[in-house]
Amino acid sequence: MDKVDGQHNLKRGNEKKSSIITISILISIALIAFIGITYQVALNNAKTGYVSLKPVDVTLSSEGKEHNLSVKITLSGKSKNLNKLNMESVQLATKETIKQLDYDTVIAENGNEYIKNTVLTSLRQEFGEDIEQVNIESILTDVSVPSSEEEDKNEDIHSVEEYLKGFSWSKKN
């Protein structure tokens with residue numbers, strides 16, 4: 001009978017070892033899956049997304065004149081945050097902000113930075129920190145180029161002889 005009990009205990013011991021190994025393997029698989037899913041979620045949350053707005057066409061006043069301005073803007077931020085935004089509201093807020101810009105500053109040397117910073121500040125005030133960056137793809141302002149007739153009227157009517165009057169070449173002896 002001792003032999004039978006010994007074999008029975010040995011079988012039980014082997015079954016316990018098998019159960020422990022099986023449970024350990026299942027826990028390891030579950031842990032690896034959990035880590036993988038957590039990594040993917042964290043990676044997706046960190047992805048930067050980009051949204052292009054429709055071109056914004058406005059008219060700005062400067063020195064009593066009306067000037068046309070067309071700006072194409074792209075917004076960047078975390079993908080999941082940009083997807084939550086109402087793009088029609090963002091487009092409208094962007095257009096209203098650009099309408100308020102100073103035309104002389106827009107056409108100055110750092111005009112692009114002025115537009116980016118003003119639009120970014122305005123959008124962040126209205127929509128929060130979801131928008132991380134504003135990029136300008138293109139900007140077009142109306143530039144008045146005088147016609148050849150206007151140039152002719154503006155030119156002085158002096159001849160070359162009048163310009164060279166009093167200028168002489170002399171040989172040194």
Applying the side chain to side chain contact (heavy atoms under 4.5 Å, CB included) criterion to Ser24, which one of Leu26, Thr22, Ile21, Ile20 satisfies it? Ile20

Which residue, Leu69, Asn68, Leu101, forms the side chain to side chain contact (heavy atoms under 4.5 Å, CB included) with Val58? Leu69

Nearest heavy-atom approach of Ser61 to Tyr103 is O-CB, 4.3 Å

Side-chain hydrophobic cluster, 4.5 Å single linkage: members besides Leu31: Ile35

Could I get the full list of salt bridge (charged side-chain N to carboxylate O under 4.0 Å, His left out) partners for Glu126, not counting sequence neighbours? none

What one should report as the nearest heavy-atom pair of Glu137 and Ser52 is OE2-OG, 3.2 Å

With Ser122 via side-chain contact (heavy atoms from CB on, under 4.5 Å) - residues at least two apart: Thr97

Would you give the length of the straight line joining atom CG of Leu53 to atom OG1 of Thr74, rounded to the nearest 0.5 angstrom? 7.0 Å

Give, for atom OG1 of Thr118 and atom CD of Glu113, the distance between the pair rounded to the nearest 0.5 Å. 10.5 Å

With sequence neighbours excluded, residues passing salt bridge (charged side-chain N to carboxylate O under 4.0 Å, His left out) with Lys72: none

How about Val56 and Gln91: do any of their side-chain heavy atoms sit closer than 4.5 Å? yes

Any side-chain heavy-atom pair from Ile131 and Leu85 closer than 4.5 angstrom? yes

Output the distance between atom CD (Glu15) and atom OG (Ser18), rounded to the nearest 0.5 Å. 7.5 Å

Could you measure the distance from the CG atom of Asp104 to the NE2 atom of His67? Nearest 0.5 Å is fine. 7.0 Å

Any non-hydrogen side-chain atom of Leu123 less than 4.5 Å from a side-chain atom of Val90? yes

List, by chain and number, the other hydrophobic cluster members for Ile23, where Ile, Leu, Val, Met, Phe, Trp and Tyr join if side-chain heavy atoms come within less than 4.5 Å, directly or indirectly. Ile27

Please assess Leu75 against Val134 for the test side chain to side chain contact (heavy atoms under 4.5 Å, CB included), listing each intermediate value before the final yes or no. CA-CA 5 Å; Leu75 308 175; Val134 172; 3.8 Å; yes

Nearest 0.5 Å, please: how far is CG in Asn112 from CD1 in Ile107? 12.5 Å

State yes or no: do Tyr50 and Val71 share one hydrophobic cluster built from I, L, V, M, F, W and Y residues joined by side-chain heavy-atom distances below 4.5 Å, directly or via other members? no

Measuring from atom CD1 of Ile115 to atom CD1 of Ile136, what distance do you get when rounded to the nearest 0.5 angstrom? 4.5 Å

Does anything in residues 85-96 pair up under salt bridge (charged side-chain N to carboxylate O under 4.0 Å, His left out), and if so which pairs, sequence neighbours excluded? Glu96-Lys99

Where is the tightest heavy-atom contact between Ile98 and Leu60, given as atom of each residue plus distance? O-CD2, 3.5 Å

Does the Asp102 side chain pair with the main chain of Thr105, one donor and one acceptor, at a distance under 3.5 Å? yes

